[in-house]
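The structure appears below as structure tokens.
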Amino acid sequence: MNPHRFCAAVDDASMLKKIVLILVVAFWAGQAHAERNDFVFNVGVGYGLNNQSVSSWEVESRPASSSDGLVGRVKVGFMPTPVDAMFGFGQVSELNYSSQQSNIESATLTLTGVGFSHYLNADVGSPYFTVAVALGKYRSNGGSEALDNRGHAFLLETGYEVFKHLQVSSTFMMARMADASFYYSDDYLDVSTTSMTVNIEFKL
């Protein structure tokens, strides 16, 4: 092999690596100083672990049941300041239960609420936290027990804005749901759910 051609190939490979490195650094630097959109539109997906307890007026509280499942969420709102966001959101969780732990095979937990996020830095690429409250609906989809409950939930989230259009987070949620047919049934059921979810969120 011609040594001159070999050296030229090595030089070309080194130059290509340098160009790629410069482009990557420039991309991340540009993202770090990018401005957030004033309009909030985020779509996210996550995976959560849940713990549920059911109690009633007629029987003692039953053992807690564990579940897991996918979570989908959409946020729409605005940013009154470069570091603060106010939004409304809708969230749906599909919960799958073990038949040995619960009389429920699966359930759907739907939340609709409002939230507030605060980024620690004005530049993109920042830790953030979110607090939110919501009205919720819990409905079982299978098993020997039918549940159709309504109630409210509180969510606390911490995360990191990877770049302008992507952020990752973990969300802690507490929800309490009362039997929707309370006035028509003597068997009043109360469902309490806590969950921890890991989320990936794509931003406008």
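The shown structure was predicted, so the numbers you read here are calculated from the model rather than taken from an experiment.
K75 forms no cation-pi arrangement with F89, by the criterion of a distance under 6.0 Å to the ring centre and an angle within 45° of the ring axis. Within the cation-pi definition used here (under 6.0 Å to the ring centroid, within 45° of the axis), R150 does not qualify as a partner of Y138.
At a threshold of 4.5 Å between non-hydrogen side-chain atoms, the residues P80 and M86 count as touching. Using a 4.5 Å heavy-atom cutoff, the side chains of Y47 and D68 are in contact. Proximity of T171 to S169: side-chain heavy atoms (C-beta onward) are separated by under 4.5 Å at one or more points. Side-chain atoms of I200 and L166, non-hydrogen and from C-beta on, do get closer than 4.5 Å to each other. Looking at Q167 and K203, their side chains come closer than 4.5 Å, going by heavy atoms from C-beta outward. Annotation: side chain of V131 is not in contact with side chain of E157 (no heavy-atom distance under 4.5 Å). Contact annotation: the side chain of Q91 approaches that of L155 to within less than 4.5 Å [non-hydrogen atoms, C-beta and beyond]. Counting only heavy atoms from C-beta outward, the side chains of V124 and E161 approach each other to under 4.5 Å.
Using bins of under 30°, 30° to 60° and over 60° for the plane-to-plane angle, the ring pair Y119/Y128 lands in the tilted bin.
Connection of F172 to V133 is established within a shared hydrophobic cluster, with ILVMFWY side chains joined at heavy-atom distances below 4.5 Å, either directly or through further cluster members. Hydrophobic clustering, with ILVMFWY side chains joined whenever heavy atoms are under 4.5 angstrom apart, groups V43 together with V76. In the hydrophobic clustering of ILVMFWY residues, with side-chain heavy atoms under 4.5 Å counting as a link, F116 and M79 come out apart. Cluster membership for F154 and L135, using ILVMFWY side-chain heavy atoms within less than 4.5 angstrom, is not shared.
A donor-acceptor distance shorter than 3.5 angstrom exists from the side chain of R36 to the backbone of P82, with no hydrogens or angles considered. Side-chain atoms of N37 come within 3.5 Å of backbone atoms of L204 as a donor-acceptor pair (strictly under, hydrogens ignored). Between the R73 side chain and the N199 main chain, no donor and acceptor come within less than 3.5 Å of each other.
Between G69 and N96, the shortest heavy-atom distance links the atoms CA-ND2, 4.4 Å.
Q52 and S67 are not linked by any side-chain donor-acceptor pair at a separation below 3.5 angstrom, with hydrogens and angles left out of the test.
Remark: M196 CE is packed, more than 12 non-hydrogen atoms of other residues, nucleotides or ligands lying under 6.0 Å away.
With respect to T193, the side chain to side chain contact (heavy atoms under 4.5 Å, CB included) criterion is satisfied by exactly one of R176, M173, M174: M173. Evaluated for a side chain to side chain donor-acceptor pair (under 3.5 Å) with H118, the options D84, T130, T81 yield exactly one hit, D84.
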